[in-house]
Amino acid sequence: MKICRFDDNRLGVLDGDDVLDVSTVLEQLPACRYPLPRHDLLVAELQRLAPAIEAAKPHARRIPVNTVRLLSPVANPGKIVAAPVNYTKHLQEVLGDANLHHDNQINHIERAGLFLKAVSSLEGMSRGVELCHPERRSDPELELVAVIGRTCKNASAADALGYVAGYCVGLDMTIRGPEERSFRKSPDTYCVLGPCLVTADELPDAGALDMTLHVNGEIRQRANSRDLILGVPQLIALASSFYTLHPGDLIYTGTAEGVAAIKAGDRMLAHIDRIGTLDVRILEQAQ
Ligand code: MN
């Protein structure tokens, strides 16, 4: 299934060029009281609710997808884990350009480990990216994103895919500069996710997906997830060896070569085969 969230927090299933509105299923989510759980409620219940979602589809309102506002398919991730340089060609690109590395120590991912983006930076594709410090350079990074479906700690790479709820297309927006990664990658709207969550039963192997990023019609990045240095299973093993992963946690798997600046007015099309396309505008700085 291709699960999406749209308009005023409605739940949808993508079906071709339409969204089927299955929001009635949300009434089956457990009620929460303070303190709220650390996981995303919908992702935690997704497997249990899948039959109800299927049952709601034949009666669902059908809406053309290009007439709705697509939100982040995961509403409340507990954390956004991200991989730094995780494609060999991108590592070489960063090492060769002082505007990219800014004398920061750039390490192979096995030495650098992972980093976190603020959950407040997360938006769906229809919101647009609002430039932060527009006098500085901001870049888009196209990334395959795995969504954790079950709580895990110290998962082995061999077992890791069993903890995945599904996959999305992500843009890890980045201000270039000397500061810590998490600071430069966490402004509001600097983490785009969508257009849907493709459930893992529909995409059992995300290890060989073609992906492209176009900006204003020009190709900027072209990659395949088979070229990841650490694939999804290895990233989950590494992340869960440091912290418990909860349903809804996001794993941004890292970007390929071809990073370049964007400016207000630009339009980004971020595509991953078998998942979909993010269509995102770059907006002026927020007031
Ligand atoms: Mn990245």
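The first residue in the sequence is number 1, and the count goes up from there. When a ligand or atom number is given, it counts from 1 through the structure's own listing order. Atom set for the values below is all heavy atoms of this structure, side chains included, hydrogens, waters and symmetry mates excluded.
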*Asks:* Measure from the Mn ion (ligand 1) to every N/O/S atom of Glu143 and report the name of the nearest one.
*Replies:*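 Going by distance to the Mn ion (ligand 1), the closest N, O or S atom in Glu143 is OE2.
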*Asks:* More than 12 heavy atoms of other residues, nucleotides or ligands under 6.0 Å from OH of Tyr243: is that the case?
*Replies:*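 Check passes, neighbour count above 12.
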*Asks:* Look at the side chain of Thr189 and the backbone N and O of Val129, then say whether any donor-acceptor pair between them is shorter than 3.5 Å.
*Replies:*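 Answer holds: no.
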*Asks:* Would the number of heavy atoms belonging to other residues, nucleotides or ligands and lying under 6.0 Å from CG of Asp17 be above 12?
*Replies:*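 Open.
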*Asks:* What N/O/S atom of Glu141 is the closest to the Mn ion (ligand 1)?
*Replies:*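 Of all N, O or S atoms belonging to Glu141, OE1 is the one nearest the Mn ion (ligand 1).
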*Asks:* Just checking Arg137: does its CZ atom have more than 12 heavy atoms from other residues, nucleotides or ligands closer to it than 6.0 angstrom?
*Replies:*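 Yes, because the 6.0 Å sphere around CZ of Arg137 holds more than 12 heavy atoms from other groups.
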*Asks:* Tell me which N, O or S atom of Asp172 sits nearest to the Mn ion (ligand 1).
*Replies:*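 It is OD2 of Asp172.
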